[in-house]
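Each chain gets a letter, A, B and so on, in the order its sequence line appears, and its residues count up from 1.
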There are 2 protein chains.
Amino acid sequence: MVKSRTIYLMRPYKHPTADQFTLERIFHALSDPARLEIVRHLARVEAATCGELDGGRPKSSMSHHFRILRDAGLVHTRAAGAIHQNTLRLADLNTRFPGLLKAILAQAPESGMVTAERKHSL
Amino acid sequence: MVKSRTIYLMRPYKHPTADQFTLERIFHALSDPARLEIVRHLARVEAATCGELDGGRPKSSMSHHFRILRDAGLVHTRAAGAIHQNTLRLADLNTRFPGLLKAILAQAPESGMVTAERKHSL
DNA sequence: TCGATAGTTCGACTATTATCGAACATTCGT
DNA sequence: ACGAATGTTCGATAATAGTCGAACTATCGA
């Protein structure tokens, strides 16, 4: 009995073109808290490695989330040596879905919190 | 052996208040083609029954989708006799997430289609 | 060349979601 | 009171998605 060996295939990233974006895929990508957080972070810093953005999550989980974000067209990943730089595809997104990402990013992460003022207004 | 009888509980709709909306839930609700279509339809007609909006889908499936839309805060359902009227919660959504729904609805359903012009541009 | 670092892939498991028929609740018209 | 119409609930099944350890690829630095 010969023990079979798993083959690992390292494909280059495939980023969809802007005309391949769909709203459904974008919304699905943004429906996960971890991914929404990543997108918000990228909106602030312009570029970041995958490692900078994990919230203590394992690498394989992060890799999964980045793939979903790439497939939706939200994120572009460029291999720069051993490090991979992620950026938001702002221009492409705005071409394909004008104003959409801006409206999304305009919503503050904490907008769900109840502030002291609001509590008093009862 | 006594045959047990399933009990059916008909609860009234529970609509979340605007401050309970979350972006994640809204995006998840919109990530399904059937639900996105429902929202787009409601944006055009102001109010519609569940039956008007099925695309040949069974009633139980539609009921499921409407529940997700309600839970996300996108749709309000009011029982008007035997019929249930659905409306978009435009005001609440705009209070909670200003400009978001407008930006979403501004994206045409067909914007993913390949037009004759584009095909020729190869 | 060896080790460290960054991130992907694989694979297994779990959890959430979608689909849909059948039974049911509710209201309306007659 | 009965039947038709509208939509929900239940329950089972199928499909999709998230989690994460282990093995791996690729690159960099010493």
Side-chain angles (χ1 to χ4, degrees), chain A residues 3-15 22 24-38 42 47-72 74-87, chain B residues 3-15 22 24-38 42 47-72 74-87:
Chain A
K3 215 172 197 176
S4 71
R5 232 334 216 67
T6 305
I7 296 177
Y8 286 74
L9 202 12
M10 226 63 174
R11 289 154 254 178
Y13 297 126
K14 52 172 187 299
H15 295 95
T22 68
E24 288 91 335
R25 222 184 288 273
I26 287 175
F27 289 146
H28 169 248
L30 296 175
S31 70
D32 184 280
R35 294 194 293 260
L36 188 53
E37 195 190 339
I38 290 171
L42 286 178
T49 64
C50 304
E52 298 175 51
L53 297 169
D54 62 0
R57 279 172 267 261
K59 299 192 296 178
S60 50
S61 293
M62 293 310 289
S63 193
H64 166 72
H65 288 310
F66 273 103
R67 192 170 60 72
I68 304 248
L69 289 169
R70 272 195 301 273
D71 289 352
L74 284 160
V75 166
H76 180 91
T77 307
R78 163 188 22 228
I83 262 171
H84 296 206
Q85 288 288 347
N86 297 286
T87 52
Chain B
K3 216 172 196 176
S4 70
R5 234 325 222 69
T6 306
I7 294 178
Y8 287 73
L9 203 10
M10 226 63 174
R11 289 155 254 179
Y13 297 126
K14 52 173 187 298
H15 295 95
T22 68
E24 287 90 335
R25 220 185 289 275
I26 287 175
F27 289 145
H28 169 249
L30 295 175
S31 70
D32 183 280
R35 294 193 293 260
L36 188 52
E37 196 190 338
I38 290 172
L42 286 177
T49 64
C50 304
E52 297 175 52
L53 298 168
D54 62 359
R57 279 173 265 261
K59 299 191 297 178
S60 50
S61 294
M62 293 311 290
S63 193
H64 166 72
H65 288 311
F66 273 103
R67 193 170 59 72
I68 304 246
L69 289 170
R70 270 195 302 273
D71 289 351
L74 284 160
V75 166
H76 179 91
T77 307
R78 162 187 24 224
I83 261 172
H84 296 205
Q85 288 288 346
N86 298 285
T87 51

With a 4.0 Å cutoff (strictly under), does any side-chain N or O of Y13(A) reach OP1 or OP2 of dT8(C)?
yes
Looking only at side-chain atoms of P58(B), point me to the closest of dC20(C), dT26(C), dT8(C).
dC20(C)
H64(A) and S61(A): side-chain contact (heavy atoms from CB on, under 4.5 Å), yes or no, with the steps?
CA-CA 5 Å; H64(A) 166 72; S61(A) 293; 5.6 Å; no
Nearest whole Å is fine: how far is dA17(D) P from D32(B) CG?
11 Å
Could you check whether the rings of Y13(A) and H84(A) sit parallel, tilted or perpendicular, using 30° and 60° as the cut-offs?
perpendicular
Just how far, in rounded Å, is P of dT8(C) from CZ of F66(A)?
8 Å
Rounded to the Å, how far apart are I83(B) CD1 and dT26(C) C1'?
13 Å
Here the distance between atom C1' of dT8(D) and atom CD1 of I7(B), to the nearest Å, is 16 Å
With a 4.0 Å cut-off on heavy atoms, is H64(B) in touch with a base, just the backbone sugar-phosphate, or nothing at all?
base
Between L74(B) and the options L69(B), I38(B), I68(B), the side chain to side chain contact (heavy atoms under 4.5 Å, CB included) test singles out L69(B)
So, does R35(B) get its side chain near the phosphate of dA18(C), meaning an N or O under 4.0 Å from OP1 or OP2?
yes
When we call it a touch if two heavy atoms are under 4.0 Å apart, what does T6(B) touch: a base, just sugar-phosphate, or nothing?
sugar-phosphate
Looking only at the side chain of S63(B) (C-beta and beyond, no hydrogens), which of the listed nucleotides dC20(C), dT8(D), dA6(C) gets closest?
dT8(D)
Measure from CD on Q85(A) to P on dA26(D) and round the result to the nearest Å.
20 Å
So R70(A), base contact, sugar-phosphate only, or nothing? Heavy-atom distance under 4.0 Å.
sugar-phosphate
Using a cut-off of less than 4.0 Å, is there contact between a side-chain N or O of R11(A) and OP1 or OP2 of dC10(C)?
yes
To the nearest Å, give me how far apart CG (L69(A)) and C1' (dG7(C)) are.
15 Å
Distance in angstrom units between R57(A) CZ and dG7(C) C1', rounded
16 Å
Distance check: side-chain N/O of H65(A) vs OP1/OP2 of dT19(D), anything under 4.0 Å?
yes
Under 4.0 angstrom between R5(A) side-chain N/O and dC24(D) OP1 or OP2
yes
Output the rounded distance in Å from CE (M62(B)) to C1' (dA18(C)).
13 Å
Grab the two heavy atoms, one from T77(A) and one from H15(A), that are nearest each other, plus how far apart they are.
N-NE2, 2.9 Å
Which residue lies more 5' along DNA chain D, comparing C50(B) with A80(A) via nearest heavy atoms
C50(B)
Looking only at dT8(C), dT8(D), dT19(C), the nucleotide nearest the S61(B) side chain is dT19(C)
Applying a 4.0 Å non-hydrogen cut-off, can you work out what S60(B) is touching in the nucleic acid: base, sugar-phosphate, or nothing?
base
Y8(B) or I68(B): which one's nearest nucleotide on DNA chain C is closer to the 5' end?
I68(B)
Any chance CZ of R78(B) has more than 12 other-residue heavy atoms, nucleotides or ligands included, within less than 6.0 Å?
no
Taking all atoms of both residues into account, what is the closest heavy-atom pair of A29(A) and R35(A), and its distance?
O-NE, 2.7 Å
Would you say H28(A) places a side-chain N or O within less than 4.0 Å of OP1 or OP2 belonging to dT17(C)?
no
